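Read through the structure below, which is laid out as structure tokens, and then see the notes.
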There are 2 protein chains.
Amino acid sequence: MAERLSPTSYVVLGTIALRGPSTSYDLKRAVGRSIGYFWHFPHAQLYSEPQRLVDLGLLEAETEEGGRRRRTFRLTDTGRDELRAWLAEPTPEHFQMRDIAELKLFFNEVGAPGDVERLAREQVAAHRERIAVYEDMQERYTSLDAVAKRMITLRLGLEMEHAALRFWSSLLDEVSG
Amino acid sequence: MAERLSPTSYVVLGTIALRGPSTSYDLKRAVGRSIGYFWHFPHAQLYSEPQRLVDLGLLEAETEEGGRRRRTFRLTDTGRDELRAWLAEPTPEHFQMRDIAELKLFFNEVGAPGDVERLAREQVAAHRERIAVYEDMQERYTSLDAVAKRMITLRLGLEMEHAALRFWSSLLDEVSG
DNA sequence: ATCCATACAGTCCAGATCGGACGGTATGCG
DNA sequence: CGCATACCGTCCGATCTGGACTGTATGGAT
């Protein structure tokens with residue numbers, strides 16, 4: 001049974017565990033404002049995945065009768081157990097990165113001479129911008145306690161951004177200096 | 001035409017540009033030893049993608065007659081132009097990360113009290129190991145000039161690993177200290 | 001009241017991707 | 001010669017993807 005579950009499944013289970021019963025749209029917004037920062041999600045999956053989890057007995061659905069037939073999903077005990085088991089088990093996979101800029105750098109020999117410098121400039125600017133956004137978020141949120149707890153993951157994102165910035169900056173120095 | 005190309009397409013084009021004419025299996029090995037470190041590839045795509053690129057006129061295929069019918073792919077001029085154009089154009093997308101450990105950290109409130117500490121320990125160990133592997137690679141390769149050039153991307157990987165290590169270490173300090 | 005614009009909520013689908021199972025072919029070794 | 005083990009390639013169902021599309025509420029201007 002556990003074999004059938006993907007990270008996506010756990011995102012759904014986990015979000016419902018943190019926020020309580022939710023509709024797909026709730027999930028979409030919640031994910032957008034949180035995990036979405038470090039893990040990309042197409043919203044369509046947040047509509048199909050909960051149904052799968054209902055079939056597996058990890059969620060219960062409650063259909064609302066009003067004008068809009070929405071379905072609210074809540075955790076079953078099995079679902080909560082499954083989530084806890086996942087949290088407790090070792091994490092074998094290593095993180096994966098997909099970085100177009102890094103790909104381009106790898107193939108730079110094939111391109112024109114100035115390309116690396118331009119690429120590096122571009123990346124330095126992009127990372128600086130992201131860092132500013134993150135820091136802004138942190139400032140605005142550190143006061144709210146509940147949210148602050150979850151900000152811990154943002155710190156990792158920030159570390160990553162700084163690492164990338166350092167890399168591209170030093171590359172830029174080497175290339176243009 | 002350019003719209004039909006995915007990052008995968010450029011990996012194939014780029015690898016052939018760097019290594020010369022290649023079979024799918026050549027690509028598989030080359031990718032495994034290089035880009036594979038920072039960009040995951042299922043091998044099946046390295047068998048289907050080149051054919052697509054032939055259909056688009058970016059590669060030429062040459063079927064070998066011997067016992068095994070292998071197909072060797074080489075760049076066409078159009079293919080080289082397409083690759084160069086891609087290298088020269090701005091890179092809009094931001095890098096994406098998928099990190100199971102980070103997901104678990106995000107949902108940690110739902111789990112047991114000791115989980116974060118265990119997770120952090122685990123990650124510290126894992127990142128240390130990867131760093132060792134990278135550094136070993138660098139040492140072995142810096143002498144070979146052609147390869148050394150391409151090692152530049154490894155430096156980014158290394159920076160990322162260090163960033164992650166710093167993060168999990170400091171988290172571990174906070175949690176267990 | 002009626003109309004339009006806009007945000008909100010959900011569905012759908014045709015590709016792209018995925019990984020793993022499988023089947024053939026060479027190579028080495030007892 | 002026969003077997004095991006790598007090497008090489010194909011195939012397929014299951015997922016994932018993003019974007020187009022439908023419909024529903026809201027609210028302001030007319």
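Residue numbers start from 1 in every chain, and the chains themselves are labelled A, B, ... in the order their sequence lines are given, proteins ahead of strands. Being a predicted model, the structure only gives us computed values, none of them experimental.
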Rounding to an integer number of Å, can you tell me how far B/Y47 OH sits from D/dT10 C1'?
9 Å

Using the test side-chain contact (heavy atoms from CB on, under 4.5 Å), find all partners of B/R84 that sit at least two apart in sequence or belong to another chain.
B/R80

Between A/H127 and B/H94, what is the ring plane arrangement, given parallel below 30°, perpendicular above 60°, and tilted in between?
perpendicular

Measure from CG on A/L46 to C1' on C/dC12 and round the result to the nearest Å.
16 Å

May I ask you to say whether A/D115 pairs ionically with A/R118, meaning some side-chain N is under 4.0 Å from a carboxylate O?
yes

Does A/E159 come within less than 4.0 Å of B/R166, counting only side-chain N to carboxylate O?
yes

Here the distance between atom P of C/dC12 and atom CD of A/Q51, to the nearest Å, is 13 Å

Mind calculating the distance between CG (B/D55) and C1' (C/dG15) to the nearest angstrom?
16 Å

Has B/R71 got its NZ or CZ under 6.0 Å from the middle of the six-membered ring of B/F73, at an angle within 45 degrees of the ring axis?
no

To the nearest Å, how far apart are B/K28 NZ and D/dA6 C1'?
11 Å

B/S/- contact track for nucleotides 11-19 of chain D, protein heavy atom under 4.0 Å
B---SSSBB

Just jot down the side chain to side chain donor-acceptor pair (under 3.5 Å) partners of B/S170, sequence neighbours excluded, or say none.
A/R155

